Amino acid sequence: MGIFTNPSSPSFTRALHIKDRFLQSFDSLKQLKHVHSQLIRIGLDQENYLLNLLLRSSFDFKDTHYTRLVFHQTHEPNVFLWNTMVRGLVSIDCFKDAIASYASMRREGFSPTGFTFPFVLKACARLLDFRLGLKLHSQVVKLGFSCDVFVNTSLVSLYAKCGYIEDALKVFDDIPNKNVVSCTAIITGLIGVGKCREAIDMFRKLLEMDLVPDSFTLDFHAKCGNMERARLLFDEMGEKDIVSWSTMIQGYASNGLPKQALELFHNMLDHGLKPDCYAMVGALSACARLGALELGEWASSLMNIDEFSINPVLGTALIDMYAKCGSMTKAYDVFKGIRAKDRVVWNAEISGLAMNGHIPAAFAVFGQMQKYGIPPDGNTFVGLLCGCTHAGLVNEGRQYFNIMVRILSLAPTIEHYGCMVDLLSRAGLLDEAHQLIKSMPMEANAVVWGSLLGGCRLHRDTQLAEHVLKKLVELEPWNAGNYVQLSNIYSASHKWDDAENVRSLMGERGMTKLRGCSWIEVCGIVHEFLVGDTSHPLSEGIYSKLSELDKDLRAAGYVPTTEYVLFDIEDEEKEHFLGCHSEKLAVAFGLISTGPAEVIRVVKNLRVCGDCHEAIKLISKITGREIIVRDTNRFHCFSGGTCSCKDYW
DNA sequence: TTAGGGTTAG
């Protein structure tokens with residue numbers, strides 16, 4: 001007889017009160033333990049119903065020591081308690097323990113219910129234990145659960161995850177009352193084993209029967225890059241679950257729409273939903289793209305900090321956010337805290353250090369990675385080679401490339417060749433870079449040719465540049481950037497007519513240059529500036545700060561480097577044009593709107609201009625401020641009149 | 001009077 005069947009019992013009201021307490025969530029394990037002590041005090045600590053609620057809540061804090069204590073203090077556990085134990089262990093990723101708990105339950109003579117199997121089958125699927133799966137399946141049949149849609153869906157998922165799609169299909173076909181969840185399981189299974197045609201056929205069939213969840217279709221549109229269509233569907237959805245929100249946020253972030261991703265993230269919070277791991281990764285990757293450190297830190301604070309140590313995917317997203325915001329000290333703290341560092345975690349740290357110009361540290365972390373026995377992969381070497389490129393370390397780059405190919409037998413991808421071409425081109429070894437492109441086992445893409453073109457510009461090789469440009473135009477005739485770079489080369493060599501011809505060609509083909517744009521985050525708000533922008537509410541203050549700086553800069557010996565201007569116009573006009581490049585506007589805004597000890601962090605959508613680079617170096621000296629500019633290629637940390645890139649970029 | 005399967009990430 002349960003406590004709630006007898007309202008006249010003196011414990012009834014107290015038990016009801018405690019039951020209500022369990023309906024609310026607990027902020028800490030301490031609060032939960034307090035309720036547990038109340039149960040003991042009033043003599044209800046053997047009341048299985050209440051103990052079950054306590055056990056369930058205890059898993060929220062991932063403290064297996066305490067959950068076991070609660071379970072083992074029960075004199076006569078019932079099947080509900082056993083099920084909660086198995087379910088809880090699965091929920092905190094302790095799959096082997098969950099299976100062991102199920103085995104104990106059987107040993108103790110308890111017969112599993114329809115609720116037991118989905119939990120234990122999930123543990124089995126996560127461990128990819130096909131043999132155990134077969135045993136469990138036979139128990140399902142023996143105990144008469146072969147018509148239960150929940151149990152069968154778990155079996156479908158288990159077989160599919162283990163790669164036995166035929167068995168999964170057999171179970172699926174026999175489900176009498178298929179629903180949206182069981183259909184999702186089979187489509188995912190088909191995609192997982194690469195049976196995409198079958199997956200699409202199934203998708204179509206189920207669409208007709210209205211058995212495809214909206215979150216699935218949403219993800220489909222997002223993965224195809226069609227965020228407008230995804231948004232339409234999302235807005236039409238009545239009940240939006242956490243998966244739909246996360247899918248949308250992630251979709252925006254991975255389709256280059258970080259502002260929309262963060263807007264939706266805020267929206268989700270306004271709807272009273274707590275972000276899950278997926279939404280968090282989406283939000284962090286949006287912040288990383290925008291270089292929005294404050295926003296990224298705020299977002300991460302919405303989740304228990306331990307989660308970032310436990311879940312390496314979350315940890316990596318946070319490392320990446322800090323790295324892309326130029327805050328490697330914090331990125332390193334996160335890196336150190338991650339308990340089970342997989343290869344991706346190590347790679348993120350190495351790439352972060354490399355892109356921030358901490359090259360010896362990147363090499364050292366690589367050394368540690370090897371010491372811990374984590375085998376590097378191609379991505380590890382992309383990070384290392386990028387580091388070599390930023391520091392101009394040609395010999396080291398060649399060595400890493402050789403280690404990768406000759407010692408580790410890793411096949412270089414086009415990205416590795418791209419890094420090597422970049423490294424050689426920047427160092428002025430243009431012929432060698434060109435030869436490398438010709439010897440590549442695959443066709444060079446626009447990125448590889450683009451690196452060589454950048455080298456041609458840096459080392460004033462107009463002849464090779466013309467050749468490269470022809471290749472680039474073939475590969476991507478729509479890309480205005482190629483024309484602009486050639487025009488830059490001609491302008492810098494004072495070949496104004498040639499420059500004009502290229503620009504006319506652009507005009508004829510109806511192309512316009514991607515406009516320079518910079519962002520700066522102040523008090524959690526991202527401010528955007530275009531070249532010559534006067535739209536900002538504080539525009540007057542920004543321009544007056546710039547003219548004030550101009551005087552100080554000239555007094556400090558700064559001469560505008562007019563060769564960075566594209567057009568053949570008068571020097572005075574060129575200077576004016578340079579004076580309002582987006583990165584300078586963002587820096588000036590940072591100077592007037594942040595405290596004197598704050599670091600100014602700017603992100604630019606193109607490479608930082610050479611003149612701005614010189615000017616910002618001096619601005620950092622004159623104002624005594626640390627200024628970090630992230631461009632499409634690397635970080636420039638300006639301090640005391642110098643830049644971390646040592647003028648090599 | 002208790003609870004369940006699938007989908008979204010670095």
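Throughout, protein chains are lettered first and strands after them, A, B, ... in sequence-line order, and every chain is numbered starting at 1. Note that the coordinates shown come from a computational prediction; the quantities given were computed from them, not determined experimentally.
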Among [options], which nucleotide has an atom closest to any side-chain atom of [X]?
| X | options | answer |
| --- | --- | --- |
| Asp276(A) | dG4(B), dT8(B), dT7(B) | dT8(B) |
| Gln250(A) | dA3(B), dG10(B), dG6(B) | dG10(B) |
| Ser154(A) | dG10(B), dT8(B), dG5(B) | dG5(B) |
| Val344(A) | dG10(B), dT8(B), dG6(B) | dG10(B) |
| Pro213(A) | dG6(B), dA3(B), dG4(B) | dG6(B) |
| Thr247(A) | dG6(B), dA3(B), dT8(B) | dT8(B) |
| Asp148(A) | dG4(B), dG10(B), dT8(B) | dG4(B) |
| Pro312(A) | dG5(B), dG10(B), dT7(B) | dG10(B) |
| Phe150(A) | dG4(B), dT1(B), dA9(B) | dG4(B) |
| Cys277(A) | dG10(B), dG4(B), dA9(B) | dA9(B) |

Give the rounded distance in Å between these two atoms: [atom1] of [X] and [atom2] of [N].
| X | N | atom1 | atom2 | answer |
| --- | --- | --- | --- | --- |
| Ile338(A) | dA9(B) | CD1 | C1' | 14 Å |
| Arg126(A) | dG6(B) | CZ | P | 9 Å |
| Asn83(A) | dG5(B) | CG | P | 12 Å |
| Phe220(A) | dT7(B) | CZ | C1' | 15 Å |
| Leu89(A) | dG4(B) | CG | C1' | 16 Å |
| Asn78(A) | dA3(B) | CG | C1' | 12 Å |
| Leu284(A) | dA9(B) | CG | P | 15 Å |
| Ile175(A) | dG6(B) | CD1 | P | 12 Å |

Do the rings of Trp346(A) and Phe335(A) sit parallel, tilted or perpendicular, given the 30° and 60° boundaries? perpendicular

How is [X] classified with respect to the nucleic acid when contacts are heavy atoms under 4.0 Å: base, sugar-phosphate, or nothing?
| X | result |
| --- | --- |
| Lys178(A) | nothing |
| Phe119(A) | sugar-phosphate |
| Gly114(A) | base |
| Val156(A) | nothing |
| Thr188(A) | sugar-phosphate |
| Asn52(A) | base |
| Asn152(A) | nothing |
| Lys223(A) | sugar-phosphate |
| Asn311(A) | base |

Derivation of the side-chain contact (heavy atoms from CB on, under 4.5 Å) call for Leu262(A) and Cys287(A): CA-CA 8 Å; Leu262(A) 289 173; Cys287(A) 293; 3.8 Å; yes

Taking only side-chain nitrogens and oxygens of [X], does any of them come within less than 4.0 Å of OP1 or OP2 of [N]?
| X | N | result |
| --- | --- | --- |
| Lys122(A) | dG6(B) | yes |
| Lys240(A) | dT7(B) | no |
| Arg56(A) | dA3(B) | no |

Are the ring of Tyr278(A) and the base ring of dT8(B) both nearer than 5.5 Å at their centres and tilted by less than 30°? yes

On a plain distance test, is the side chain of Ser215(A) in donor-acceptor contact with the base of dT7(B) below 3.5 Å?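 Such a pair exists between side chain and base.
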
Side-chain donor or acceptor of Thr153(A) under 3.5 Å from a matching atom on the base of dG5(B)?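 Flag set: donor-acceptor pair detected.
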
Nearest heavy-atom neighbours spanning Cys94(A) and Thr64(A):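 The answer is SG-CG2, 4.3 Å.
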
Minimum heavy-atom separation for Ala123(A) and Ala98(A), please, with both atom names. CB-CB, 4.1 Å

Under the side chain to side chain contact (heavy atoms under 4.5 Å, CB included) test, which residues partner Ala222(A), sequence neighbours left out?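 Listed in chain order: Met227(A).
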
Which pairs count as side-chain hydrogen bond (donor to acceptor under 3.5 Å, both in side chains) when at least one residue sits in residues 270-279 of chain A, sequence neighbours excluded?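 The answer is Ser246(A)-Asp276(A).
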
Does Phe220(A) have more than 12 heavy atoms from other residues, nucleotides or ligands lying within 6.0 Å of its CZ?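 For Phe220(A), atom CZ is not crowded (no more than 12 foreign heavy atoms under 6.0 Å).
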
